[in-house]
Number of protein chains: 2
Amino acid sequence: MLTKSSTEVVRQQNSALVLSALRRKGSLSHTEIAEQTGLASATISVITAELERSGTIAKTEQHVQGGRGRPRVLFAPRRDCGYVIVVRISSDIVQYSLADYGGVLLDRFEEARSQNVSGTAAFGQVFVAALERLLQRSRLDKQRVLAVSISSKGLVAGDGARLLWSPVFGREELDFATLLGEDWRARIMLSNETLLVAQALAAKAEEKGDTFKGLAAISLGHSIGLGLARTGRAGELDVSAPNFGHMLHAPSAGLCRCGSYGCIEAAAGFYGILRAAFEVPSDTIPAKFVPLAEMDKIAAGARQGQRMPGYAFRQAGIALGNGISRLLSLYEAVPIYVTGQGTRYFDLLHKGVEEGLAQSLQVRLEGLPEITVVGDEQGLVFDGHLDRALSAVDSDITAAGHA
Amino acid sequence: MLTKSSTEVVRQQNSALVLSALRRKGSLSHTEIAEQTGLASATISVITAELERSGTIAKTEQHVQGGRGRPRVLFAPRRDCGYVIVVRISSDIVQYSLADYGGVLLDRFEEARSQNVSGTAAFGQVFVAALERLLQRSRLDKQRVLAVSISSKGLVAGDGARLLWSPVFGREELDFATLLGEDWRARIMLSNETLLVAQALAAKAEEKGDTFKGLAAISLGHSIGLGLARTGRAGELDVSAPNFGHMLHAPSAGLCRCGSYGCIEAAAGFYGILRAAFEVPSDTIPAKFVPLAEMDKIAAGARQGQRMPGYAFRQAGIALGNGISRLLSLYEAVPIYVTGQGTRYFDLLHKGVEEGLAQSLQVRLEGLPEITVVGDEQGLVFDGHLDRALSAVDSDITAAGHA
DNA sequence: ATTTATTTTCTCGACTGTCGAGAAAAAAGC
DNA sequence: GCTTTTTTCTCGACAGTCGAGAAAATAAAT
């Protein structure tokens, strides 16, 4: 079912286009905006005037330029137009960040997640209090926050801000929208962590200009995450975080901490590798936490040619390879980016991955997918947060229009 | 990267909206169109006038009506506005159909696919000749055909009309666009068969009005097909046919006719079931063709409680269940529709399917997906063809506009 | 037979949007 | 100070949608 269109929709779309160009490039002149967007100069005048009047963008006074002729005046998003809060929930800490509309980090603090205080109710209180604290530290009114972007590992409901399953809270559902309630005017967004990695990588790839079609980001660590970015037919970016880590690999992978048997994570997550390396029965309840040092030791053993550690990493690689082959069967061919702490063992996983990939028709037809290891996962997650939150704010602004 | 919009785009979109409403309902009056589309009466006048002038729609003279007041005049697509050719390629026959712009079947014939004449080159000649014959039989000029919609089992390239892999031609690629060359002005479309089933079912579901989110169609037979339909964020229908049948199930499934090991099809396709039932080694090269009677015999055995036939169907069910669980992990939850010849054994498969599904976290969280068996696969495929081809033609018409 | 009521369709003017061309602005070079 | 060059702004033309009311076409009432 299509939906009707009108001149207002046109304006909205073109305003969004201008705003997103401005956001990407930081600041642009009238003529540069016209070049970037393909819109006529006259149209740019109208749109910039409107955005300026609403306080979304402003002329920057500095016009550094050597050439002759009338100097260009640059437009840029007004940093004080609004603010976004970014919350990264990881297994051990929760990081709260405040950034302005220009994407500049203003404040940040972290809180350890005390292991004993569990349950969503307790966490909710801590969470709300931390947001208040973040505001107080910068003497910022709650109303000036336009988006709160939260990330966690786990499964997020497609529609809103509901965490369906997470390594931290298990099946206890957590709805951030109702948690924050009515007094926040901000848009509440919850995203899977690896989705944000995919978002950040996709944004970077689009920046480069080479026709971007899609990519998959896989995060290796205690758990396994997947983020998928694709461009829809309208050219818009579509990112999602399917439940890759707990997709069925093979029953032999053993008990997963989600309670099922045979998840990819049960073979390729840190605890799975640990279990296999030490020949612990595969139906043993998985370790809650595996110190990196422990994993390093197993890896060292594997690199020295020890049998079981090597076997463990190879099995993990096969689980990943099989999973990726299934991913490629069900989606189009996309380049794969691997990130997370587990990438330091990628030399050990690599062979298993290729082995696991090679088994399927899809790979035989299209060849092995391009696999790239990228570092700084946390930085990418934050970039993804900003990209996603600020685009959402932008579209809210253009949607509001002159209403 | 978004794209700029303009008033012409608005008109195009709204014209398409009117045309699609007209196509869905068959014929509508001015006021009914306004109700359906939400457009203002004045806009309807302009758009219908333009479509009428271009010969796409026409007023039907019959205005049966009992009420008082000025009688409604109905608009309907002009059946002679153009024609579409539908070709269904199956393993044994090729069916050629001609329909008009109103979706009415005008002519149809079938040709047996002689098993000895293999190779894409030979088939290409037969194919082109058959299309010419179809035109001659109805004394129709080639230029009046606006779309040729072809379907086959197998893997279709996302962009155009290239068959990448098929049970019939294997890895021999077949590009229908170049095959038909320049002298056809028609749009050449190639779709996976089960994709069309999904398209037809989705169209029916949208018709019903209950907010349609998506569905998956699975075709059971000698091979296993998947069609996936989802509504994008713009409300448009997005259908695809991922490579489900040859997605990796488990190495134990044995050799598949695609040449890989462990495909779903190798366990759940007819030849896989046959192989398991007769305890043929699983690396045996699969049977080219399994008569239904043969399958019926195995099924009868299974229903009488014979061990190996029962085991074969159960393993097939598990392969399907596992595959569906992976599908649900990587996409959102969607209702499943099962179709194809294999549905007659669904009583035998059913338990295995549930068993295979129950293993994953996704299913534990969201419960078993709704699974419905639907008959008349060939009818659905044809409906899907028409829906897809005529929508494509519609969008070509509105895109051309007054150019 | 004529008038009235009712429903549908068409038409007109207002409004919003984009676009191209040329005017106005603002600096550098002479 | 004048010209050249580049950028930005402005104006009129054109395309599209919308709401209101006019026009059309029929059934019912007088």
Side-chain angles (χ1 to χ4, degrees), chain A residues 2-18 22 27-53 57-75 398-403, chain B residues 2-18 22 27-53 57-75 398-403:
Chain A
L2 293 164
T3 167
K4 78 168 179 178
S5 189
S6 62
T7 51
E8 283 107 71
V9 174
V10 171
R11 162 57 59 91
Q12 199 173 309
Q13 166 111 354
N14 288 341
S15 292
L17 192 59
V18 169
L22 236 34
S27 68
L28 291 172
S29 71
H30 181 109
T31 33
E32 286 167 326
I33 296 174
E35 280 168 20
Q36 289 282 324
T37 59
L39 292 167
S41 165
T43 310
I44 305 297
S45 288
V46 181
I47 290 178
T48 50
E50 187 172 306
L51 287 175
E52 203 177 357
R53 196 166 39 73
I57 65 173
K59 288 178 179 145
T60 62
E61 59 298 328
Q62 44 130 0
H63 14 120
V64 274
Q65 194 192 4
R68 180 160 161 139
R70 180 171 173 173
R72 304 182 160 185
V73 304
L74 298 178
F75 287 100
T398 50
H402 34 202
Chain B
L2 294 163
T3 167
K4 77 168 179 178
S5 189
S6 62
T7 50
E8 283 108 70
V9 175
V10 171
R11 164 56 60 92
Q12 200 173 309
Q13 166 109 354
N14 287 341
S15 292
L17 192 60
V18 169
L22 236 35
S27 67
L28 291 173
S29 71
H30 180 109
T31 33
E32 286 168 326
I33 296 174
E35 279 166 22
Q36 289 281 323
T37 60
L39 293 166
S41 164
T43 310
I44 305 297
S45 287
V46 181
I47 290 177
T48 49
E50 186 173 307
L51 287 175
E52 202 177 358
R53 196 168 37 73
I57 64 173
K59 288 180 179 144
T60 63
E61 59 298 327
Q62 43 130 7
H63 14 122
V64 273
Q65 194 193 4
R68 196 158 150 133
R70 180 171 174 173
R72 305 181 160 185
V73 305
L74 298 177
F75 287 100
T398 50
H402 34 201

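Because the structure is predicted, anything quoted here is derived from the model rather than measured. So you know, we letter chains A, B, ... as the sequences are listed, proteins then strands, and number each from 1. Basis for what follows: all heavy atoms, side chains included, without hydrogens, waters or symmetry-related copies.
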### Task
Mind calculating the distance between NE2 (B/H30) and P (D/dA25) to the nearest angstrom?
15 Å
### Task
With the side chain counted from C-beta on, respond yes when A/R11 and A/V46 share a heavy-atom pair under 4.5 Å apart, and no when they do not.
yes
### Task
Please round to the nearest 0.5 Å and tell me the distance separating atom CD1 of A/I57 and atom CG of A/L51.
4.5 Å
### Query
Where the side chain of B/T31 is defined as all heavy atoms beyond and including C-beta, which of D/dG16, C/dT9, D/dT17 is the nearest nucleotide?
C/dT9
#### Entry: Short side-chain N/O contact to C/dA25 OP1/OP2 from A/R70, under 4.0 Å
no
#### Entry: Student check: side-chain heavy atoms of A/V9 and A/K4 closer than 4.5 Å
no
### Query
Between B/Q12 (CD) and C/dT18 (P), how many Å, whole number?
17 Å
Might you list the N or O atoms of the protein lying below 3.5 Å from N or O atoms in nucleotides 2-4 of chain C, with each pair's distance?
none

#### Entry: Between P of D/dC9 and CZ of A/R72, the distance in whole Å
13 Å
### Task
Report yes if some heavy atom in the side chain of A/T37 is under 4.5 Å from a heavy atom in the side chain of A/I44; otherwise report no.
yes
### Task
Would you mind reading off the distance between B/E50 atom CD and D/dT17 atom C1', rounded to a whole angstrom?
14 Å
## Note on the structure
Of the candidates C/dC10, C/dG17, D/dA15, the side chain of A/V10 sits closest to C/dG17
### Min side-chain heavy-atom separation B/V10-A/T7 under 4.5 Å
no
### Summary
Rounding to 0.5 Å, atoms CG (A/L39) and CD1 (A/I47) come to a distance of 5.5 Å
### Query
Rounded to the nearest Å, what distance is computed from the CD atom of residue B/E32 to the P atom of nucleotide C/dT8?
9 Å
### Query
5'-most contact on DNA chain D: A/T7 or A/S29, nearest heavy atom basis?
A/S29
### Query
Nearest-Å distance, CD (B/Q13) to C1' (C/dG17)?
16 Å
### Message
With a cut-off of less than 4.0 Å, is there a side-chain N or O of B/R11 near OP1 or OP2 of D/dT17?
### Response
yes
### Message
Determine whether B/N14 and B/L17 satisfy the following criterion, side chain to side chain contact (heavy atoms under 4.5 Å, CB included), listing intermediate values before the conclusion.
### Response
CA-CA 5 Å; B/N14 287 341; B/L17 192 60; 4.3 Å; yes
### Message
Between P on C/dT7 and CD on B/E35, what's the gap in Å once rounded to a whole number?
### Response
13 Å
### Whole angstrom value for the distance that separates P of C/dT11 from CD1 of B/I44
15 Å
Check the interface with nucleotides 19-23 of chain C: list each N/O to N/O pair with the protein under 3.5 Å, or write none.
| residue | atom | partner | partner atom | Å |
| --- | --- | --- | --- | --- |
| C/dC19 | OP1 | B/K4 | NZ | 3.1 |
| C/dC19 | OP2 | A/A40 | N | 3.1 |
| C/dC19 | OP2 | A/T43 | OG1 | 3.1 |

### Task
Sort and list the pairs that fulfil salt bridge (charged side-chain N to carboxylate O under 4.0 Å, His left out) and have at least one residue in residues 31-49 of chain B, not counting sequence neighbours.
B/E32-B/R72
### Query
Got a donor-acceptor contact below 3.5 angstrom from the A/H30 side chain to the A/V73 backbone?
no
